[in-house]
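In what follows, every heavy atom counts, from backbone to side chain, and hydrogens, waters and symmetry copies are set aside. Each chain gets a letter, A, B and so on, in the order its sequence line appears, and its residues count up from 1.
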Amino acid sequence: MGDANKRRDVYKSNYITKLGEREVSRNLKALVWLSSLLVVTGAIALIVVAIVLDDNHPLSTLSPVGRQGRDIAALINPIFIVAGVIFFLVQGAVLALWWRYRVSGSESGDGEFGYYEDGEFPEQIHGNNRVEIGWTLVPTVLLAVISVFTLITLFALDDVEASDEDMVVTVVGQQWWWEYQYHLDGNTSTPPDIVTANELVIPVGVDVPLDIKSRDVIHSFWIPKLNGKRDAVPGRAHDWVIQSEETGRFRGQCTEFCGLAHGYMKMVAVVLTKQEFAQWRDNQITSADMPQEGTAAHEGWQVFSQQCASCHVVNGITSATNRGGSGTEADTWDIYRELSGNDAGAYLSQDTLVAGAAPNLTHLMTRSTFAGSWYDLYLNADSHLNYLDLPENGILNRVELEKWIHNAPERKPAAADELRGMPARSSLSPQDIDNLVAFMSTLD
Amino acid sequence: MSTTQGTISASLATRLLGVFSRPQGSEGWKSWLFTVDHKRIGIMYGAAALFFFLVGGAEALFIRLQLATPNGSVIGAGTYNGVFTIHGVTMVFLVVMPMAAAFANYLLPLQIGARDVAFPRLNAFSFWCFLAGGVLLTSSIFIGGWFQNVPDAGWFNYAPNSGVLFSPHKGVDFYAVGLQITGIASLVSAVNLIVTVLNMRAKGMSLFRMPVLTWMLLITQFLLLFALPVITVALFLLMFDRLWESNFFNVAAGADPLLWQHLFWIFGHPEVYILILPAFGIVSEIIPTFSRKPIFGYHFMVASGIAIGFMGWGVWAHHMFTSGMGPLSVAAFAVSTMFIAVPTGVKILNWLATMYRGRLRFTTPMLYAVGVVSMFTIGGLSGVTHAIAPSDTQQTDTYYIVAHFHYVIFGGALLGLFGGFHFWWPKAFGYKLNELWGKASFWVMLIGFNFTFGPMHILGLQGMSRRIATYQASEGFAFWNMVATIGSFVIAVGVAMFLWNVFSSTRNWRRVGRPSVGPDPWDARGLEWMTASPAPEHNFDSDIQVDRFDEFWHRKYGRDEKGKIVRAARAEEIAHDGSNTNVHLPSPSYWPLVLGVGIMLVGYGLIFNLWIAALGVVALVGAIYGWCLEPADDPDTAHGHDHAGRNSLEDEEAITVG
Amino acid sequence: MAAEAINHSAQEQDHHSSTGISNEKLAMWVFLGSECLLFGGLISTYMFNKDRIGLNDIGPSDVFDIPFTSVSSFVLLMSSLTMVFAVSAITRGDLRANRIWLATTAALGATFVAGQVYEFTAFYSEGLGFTTNLFGSSFYALTGFHGAHVTIGIIMLMSLYIMSLRGNLPAERAETVEIIGLYWHFVDIVWIVIFTIVYLFPQ
Amino acid sequence: MAIVDPEITEPDISEPEIINVEHAHPTDWLYVKVAIALALLTALEVFTYFESVHGWSDTVLIVMLVAMMLVKFFLVVAFFMHLKFDAPIFWRLFVFGVVLAMAIYMLMLTAFRYW
Ligand code: HEA
Ligand code: HEA
Ligand code: CUA
Ligand SMILES: [Cu+2]
């Protein structure tokens with residue numbers, strides 16, 4: 001007993017000596033309140049300004065142009081509002097309770113040596129069953145309503161609208177770029193008609209069914225403005241649909257972590273008018289022509305056939321030899337057929353699972369980007385230049401392309417020694433590289 | 001001491017062997033190494049977790065530096081992948097879980113009026129085993145060169161990217177083995193604590209008189225108990241694949257990589273509730289104390305915790321909405337996920353109702369607790385928007401998710417745990433942390449936190465993917481990333497202020513001459529305040545009879561004729577002062593530590609060289625042998641509390657297996 | 001299996017609100033609850049994977065020898081009976097009978113494990129290794145985990161036997177035997193499930 | 001000043017403490033009977049493997065096998081592991097584990113469209 005009193009005296013004396021500090025603390029409190037208020041309002045203002053003024057976000061999910069993307073937005077936007085309301089209710093309640101019921105002065109006793117004086121006790125409310133049931137039921141009902149809408153949208157997203165196009169595109173993810181195999185007749189069990197990389201070209205307003213696969217690890221295909229994402233899982237084939245109501249170039253990003261250069265694994269969806277698309281398609285089906293002898297391009301082709309053709313296919317000129325590279329040739333197709341085998345039992349050899357393939361370069365110059373869409377192939381591709389005009393009027397990003405050929409792993413992380421990514425070709429002379437570029441410039 | 005033939009011959013045998021005596025002494029570093037005292041173990045858990053928090057935080061700062069500007073080149077892509085992976089692993093398994101374990105160890109026995117946990121030696125083993133796993137995981141950062149062998153397949157480590165084919169260095173082996181070891185620690189501790197709560201409550205402390213924190217910790221232990229074996233299976237399969245070339249995730253042999261995802265998330269989702277429920281419990285202790293009101297809707301608080309625990313098992317695949325499961329599965333998991341908001345909302349609203357018409361004292365712990373209410377709600381609401389499966393196909397694997405989980409984990413779990421540090425600090429050490437510094441560090445942290453993770457919502461919706469080592473200027477992410485990076489350094493300042501507070505408060509208090517703040521510095525409610533601060537080794541001088549919820553508070557306060565609440569007794573008068581040194585406690589032991597070291601060696605052995613593992617097995621077998629043959633007490637020491645050679649009927653039972 | 005001999009749960013009850021059950025026994029049950037999830041995971045992995053093999057690949061029906069496994073399953077099943085006899089003997093205070101039954105149980109368990117080893121070698125010689133295919137990996141992982149559990153059980157039973165020989169297992173410690181027994185029976189019921197699902201389900 | 005505490009009269013909603021009554025232990029003979037039942041069931045199970053019932057559809061076989069497996073499972077748990085006689089908390093703990101495991105993994109396999 002006595003001991004306790006003594007102890008209490010110690011607190012009290014310490015407490016008094018600390019009063020000076022408490023003054024400081026009160027001023028500080030006001031300062032903190034004020035500054036945090038400023039900070040919060042400032043932050044909110046900033047956010048609003050930034051979002052309103054700045055619409056330059058090529059990957060934004062907030063301004064979809066595809067049917068599926070819009071359906072999703074139509075579902076989530078009202079839910080954002082509901083969440084916003086709950087947010088303000090809860091935060092408002094916190095602040096209001098704080099403001100209304102805080103006690104100050106000695107009772108708040110927050111000194112280092114603080115000893116709490118007895119103060120008033122509020123009414124001791126232990127609970128209230130009706131209130132509890134209320135705030136169990138209200139969110140339940142709210143969420144039930146939300147889930148109905150969720151389910152409706154969810155199943156609607158799986159619908160594919162019929163169109164005059166039969167086309168199905170097999171999308172193959174691999175470390176760290178995308179390949180697209182166009183099956184113009186919609187039959188995915190025959191070799192594709194077109195093989196291209198990184199840029200998925202589709203006609204406007206048409207539902208294009210995708211068949212998403214992977215050659216190595218899990219990737220995820222995502223063009224935010226058009227639709228949500230879908231994983232590319234090795235050993236599985238996933239259906240997905242992509243559609244755009246507007247023409248344009250829409251960026252995408254691999255969104256499942258897939259190892260070293262995951263961040264550099266991008267892609268672009270190019271949406272053309274139906275006529276343009278037909279034009280693009282007819283061009284892609286053609287093979288490349290061997291450059292005239294004696295030209296730089298022909299010199300380049302010679303380097304190419306020694307240094308590059310072991311991986312890269314140029315239809316009509318080379319077929320990949322050692323790494324199961326991609327192309328329309330039937331031998332490489334065998335690999336795909338095996339890879340697509342969702343049916344258990346399709347045995348694959350270990351090394352075909354490491355992406356040994358390389359982008360098909362037959363129509364390299366018709367693309368606007370290269371190397372997993374990390375680099376622009378044309379410096380002016382972002383301006384409203386007609387996509388089909390690029391080989392004609394685009395300003396080739398020659399510097400970057402040359403650097404790429406010279407030392408690709410330096411330009412984009414890769415594990416080339418493990419058969420992933422493109423190896424360095426630092427032994428090439430500047431002349432060789434010039435010639436190579438000249439050769440590739442013919443690939444349109 | 002009632003002996004049987006058994007003890008006699010056993011202790012005889014062990015004395016003949018000469019080594020199996022028990023360590024002595026309650027001072028000095030040895031007394032920490034060999035302790036079996038739940039409070040010391042709790043403190044060690046806390047200290048270790050804080051250390052790992054600095055490691056994980058430093059990693060986070062590197063992430064932020066790298067992402068501060070487009071085309072960042074602070075660390076390369078390979079290092080970046082290692083950094084965010086080890087950051088996630090460290091923060092989840094080596095920070096939040098052990099920090100919660102710190103509170104579980106320190107407070108559970110005190111809150112239920114017990115002397116110790118059911119199996120004190122096993123408890124010590126849990127800690128050393130956790131530390132072994134933590135050290136092993138962390139050492140991956142520098143073994144074989146900086147970030148050369150660090151796990152780099154993300155904290156959920158999806159197959160087949162985590163296979164040897166795609167991640168050929170030792171990183172993922174560290175992951176598999178390290179998590180296996182920390183898993184053993186948590187599993188053992190879960191069994192221990194469940195038994196403690198079920199079996200060792202003070203007289204009259206029925207289940208529904210237990211503090212909310214005790215309840216939440218109990219639920220957490222059950223979640224651990226049932227979730228850990230699932231990740232154990234997954235990690236074993238992964239380890240077999242990597243070390244012994246089995247085919248579980250070998251797509252070429254027909255495996256489906258989704259199996260890993262299912263197994264991981266069956267564990268992983270309950271895991272996130274394992275992270276948050278202890279913090280919920282802490283908040284439920286702090287808010288009533290500083291509102292001068294009992295917790296509003298106690299039974300609903302408990303029931304909603306149980307409901308969260310149950311529902312948490314049926315929602316895991318919301319992490320796999322885009323994995324191609326098929327629309328029916330997606331639909332089912334989306335709906336089940338959404339409804340978890342209901343019990344969680346019940347908690348939030350009950351806290352608000354507890355504050356309603358209270359007398360709110362905004363001490364540092366209270367600031368943290370209210371911070372949780374406010375910040376967790378933000379994270380919870382974004383969680384519900386993820387549950388809307390169609391829109392999650394837009395959000396998943398973007399920074400919108402990163403924002404969500406940092407709001408619930410940092411803004412929920414970690415703020416709660418930090419609040420707990422400030423709240424129970426005087427109980428554990430006998431002095432308070434400085435309130436001024438405490439509040440200042442809270443505000444700095446809170447502001448920094450919102451500046452770091454608030455912008456990530458925007459970034460995510462603007463399409464920034466997570467786990468990308470860099471981004472391009474043309475993508476328009478630069479501004480908010482810079483804000484987030486600045487914010488993260490503000491957090492670091494806040495953390496540094498907290499550390500300074502710990503340091504300077506300790507120093508100041510030493511200078512003042514260290515009278516204890518007394519048993520009950522906050523005018524609080526739980527039994528843990530009914531004993532001296534720091535809590536004496538034997539916790540309570542005598543057994544406590546509990547007659548109602550908030551027993552301690554009711555002993556302090558009663559009502560006068562008019563029904564007004566008045567003080568019935570000062571805390572000092574009713575609290576035990578720790579003077580009863582005649583209580584017998586279990587003796588310290590060498591073996592938990594040896595066992596922990598053995599397990600660590602086995603771990604390294606699996607990764608590097610089976611001979612090391614063989615050495616570990618020797619240590620392990622020796623430790624188990626020593627453990628079993630160890631006398632309940634050292635026969636050579638005097639018995640009594642002042643000397644650490646403690647011995648009692650009561651505790652002997654507790655260490656038969658423990 | 002510590003040497004300390006005092007089982008103290010009776011006094012414990014006077015001081016505490018508790019289930020009235022000893023800590024050790026409760027702990028074992030809690031642990032077994034956890035083990036359900038472990039074996040559940042392994043069994044589902046097996047079920048999921050066993051058919052994911054090539055057409056001409058070695059599969060369950062190529063290797064299983066049902067009559068043989070039935071016998072060893074029967075042996076394990078009966079070891080549960082001898083285990084309850086051991087518990088019942090020590091509760092009666094019959095230490096000698098307890099020892100005999102403990103040894104019998106361990107011997108039956110060892111027979112089972114030996115059978116499994118034989119089975120593994122037989123399968124291996126027929127071409128089914130751990131790395132052969134998904135069936136092989138899953139089968140060996142599942143039965144291997146189970147076998148490891150049985151082995152640990154045998155070690156514990158042998159320890160009890162030795163303790164009993166040295167007089168460290170008096171009748172008052174019947175509960176220790178009972179707890180080890182719980183573990184043993186659990187391992188047995190896991191095999192009941194494995195035997196049905198892995199071996200007997202139509203392939 | 002008389003201090004009264006209304007809250008102490010709060011109804012005690014706690015469950016009654018479980019008391020560890022010494023249960024009538026089953027006799028060894030009962031164990032033998034259980035073992036015989038187990039042996040017979042096993043025999044029956046193995047029997048389904050042989051030609052005679054191969055004409056039956058796999059589904060019927062599987063349902064039968066699962067039924068017999070569950071009976072065996074619960075026989076061992078109830079009698080050998082004493083759950084039938086022991087404190088109910090064991091039932092709750094263990095059955096929770098069993099049911100949870102079955103529910104979760106069946107759900108997982110369902111998500112794989114395994115059945
Ligand atoms: C502490 C940890 C924690 C907690 C508590 C939660 C809580 C929740 N989480 Fe979160 N989550 C994580 C940690 C956590 N999460 C982590 C780490 C990840 C990412 C893992 C990774 O990919 O690396 C993740 C990812 C994650 C996803 C996957 C996203 C993706 O990758 O695509 C989803 C999807 O549904 C989700 C949902 C939820 C929901 C619905 C809750 C709910 O429990 C929230 C409930 C709370 C509230 C809703 C607020 C309060 C309620 C009210 C005020 C009542 C009124 C409200 C309504 C009516 C809506 N979380
Ligand atoms: C408990 C969980 C937890 C906590 C507390 C944190 C805390 C933080 N996290 Fe973390 N985070 C995760 C769990 C957590 N994180 C997980 C699970 C992931 C996913 C990983 C994956 O994708 O696999 C992730 C991913 C993640 C990312 C995404 C990476 C990516 O996808 O590419 C980012 C990016 O900004 C980030 C940032 C931060 C920051 C800035 C903090 C800050 O709050 C940290 C604050 C702390 C400090 C700043 C420490 C203070 C340090 C000092 C004062 C000095 C240090 C000096 C010494 C070494 C002594 N985290
Ligand atoms: Cu491909 Cu990420
Ligand atoms: Cu989750």
Side-chain angles (χ1 to χ4, degrees), chain C residues 9-10 13 16-22 25-26 28-30 32-41 43-45 47-48 64 66-67 69-71 73-74 77-78 80-85 87-89 91-92 178 181-182 184-186 188-190 192-193 195-197 199-203, chain D residues 14 17-21 25-28 30-32 34-36 38-39 41-43 45-46 48-50 54 56-59 61-62 65-66 68-70 72-77 79-83 86-87 89-90 93-102 104-106 108-109 112 114:
Chain C
S9 55
Q13 280 160 46
H16 293 297
S17 286
S18 74
T19 52
I21 294 149
S22 80
K25 193 166 161 190
L26 188 57
M28 180 52 85
W29 274 109
V30 171
L32 294 183
S34 172
E35 290 270 278
C36 293
L37 275 286
L38 183 91
F39 280 105
I43 292 170
S44 352
T45 303
M47 289 169 70
F48 182 59
F64 284 167
I66 301 297
T69 314
S70 302
V71 172
S73 303
F74 183 76
L77 203 59
M78 288 306 117
S80 260
L81 180 64
T82 56
M83 187 70 231
V84 279
F85 286 160
V87 176
S88 137
T91 353
R92 281 197 314 271
E178 191 189 336
L182 287 177
W184 190 259
H185 297 308
F186 177 78
D188 185 26
I189 56 179
V190 170
I192 290 178
V193 176
F195 181 57
T196 309
I197 291 183
Y199 290 86
L200 292 181
F201 267 20
Q203 305 298 342
Chain D
S14 62
E17 298 297 331
I18 308 148
I19 300 152
N20 195 12
V21 271
H25 270 288
T27 59
D28 286 1
L30 180 67
Y31 292 139
V32 173
V34 172
I36 293 172
L38 287 169
L41 277 169
T42 310
E45 278 190 323
V46 176
T48 65
Y49 172 78
F50 293 101
H54 256 191
W56 300 10
S57 87
D58 283 0
T59 328
L61 272 182
I62 288 178
L65 282 169
V66 169
M68 286 188 280
M69 175 185 94
L70 288 177
K72 281 165 74 182
F73 187 103
F74 283 105
L75 277 179
V76 174
V77 176
F79 291 95
F80 288 176
M81 294 171 92
H82 276 197
L83 265 198
D86 261 338
I89 184 160
F90 293 148
L93 278 171
F94 186 66
V95 170
F96 186 79
V98 173
V99 171
L100 187 72
M102 289 198 331
I104 284 179
Y105 292 120
M106 283 170 75
M108 178 181 92
L109 290 174
F112 274 123
Y114 174 81

Residue part contacting chain C, namely of Phe96(D), when any heavy atom lies under 4.5 Å: neither
Verdict with supporting geometry, Val46(D) and Ile66(C), side chain to side chain contact (heavy atoms under 4.5 Å, CB included): CA-CA 8 Å; Val46(D) 176; Ile66(C) 301 297; 4.2 Å; yes
Heavy-atom pair with the smallest gap, counting every atom of Ala39(D) and Phe74(C): CB-CE1, 3.5 Å
Closest contact, heavy atoms only, Tyr31(D) versus Ser88(C): CE1-CB, 4.4 Å
Chi angles and distances behind the side chain to side chain contact (heavy atoms under 4.5 Å, CB included) call for Met68(D), Leu200(C): CA-CA 12 Å; Met68(D) 286 188 280; Leu200(C) 292 181; over 6 Å; no
Spatial distance of atom CG (Leu38(D)) from atom CG (Asp188(C)) [nearest 0.5 Å]: 8.0 Å
Option that, when pairs with chain D are counted at under 4.5 Å, heavy atom only, ranks first among Val190(C), Val87(C), Leu81(C): Leu81(C)
Student check: side-chain heavy atoms of Leu26(C) and Phe90(D) closer than 4.5 Å: yes
Separation between CE of Met81(D) and CG of Leu182(C), rounded to the nearest 0.5 Å: 5.0 Å
Euclidean distance, Met108(D) CE relative to Thr45(C) OG1, rounded to 0.5 Å: 5.5 Å
Engaged part of Leu65(D) at the chain C interface, taking heavy atoms whose separation is under 4.5 Å: both
Between Gly41(C), Gly181(C), Gly33(C), the one whose heavy-atom pairs under 4.5 Å with chain D are most numerous: Gly41(C)
Interchain contact, Phe48(C) with chain D, by part (heavy-atom threshold 4.5 Å): both
Separation of Lys72(D) NZ from Ser80(C) OG (nearest 0.5 Å): 11.0 Å
Contacting moiety of Val95(D), where chain C heavy atoms sit under 4.5 Å: neither
Pairwise distance CZ(Phe201(C)) to CD1(Ile62(D)) - rounded to 0.5 angstrom: 5.0 Å
Atom of Gly97(D), atom of Leu37(C) and distance for their closest heavy-atom approach: O-CD2, 3.7 Å
Nearest heavy-atom neighbours spanning Val98(D) and Cys36(C): CG2-SG, 3.6 Å
Heavy-atom pair of closest approach, residues Met69(D) and Val193(C): SD-CA, 3.7 Å
Heavy-atom donor-acceptor pair, Tyr105(D) side chain to Ile43(C) backbone, under 3.5 Å: no
Region of Met78(C) in contact with chain D, defined by heavy-atom distances below 4.5 Å: side chain
Greatest number of heavy atom pairs closer than 4.5 Å to chain C - which of Leu93(D), Leu109(D), Thr42(D): Leu109(D)
Largest heavy-atom contact set with chain C, pairs under 4.5 Å, which of Phe80(D), Phe74(D), Phe79(D): Phe80(D)
Which portion of Phe39(C) sits near chain D, non-hydrogen atoms under 4.5 angstrom: neither
Side chain / backbone / both / neither for Phe73(D) at chain C, heavy atoms under 4.5 Å: both
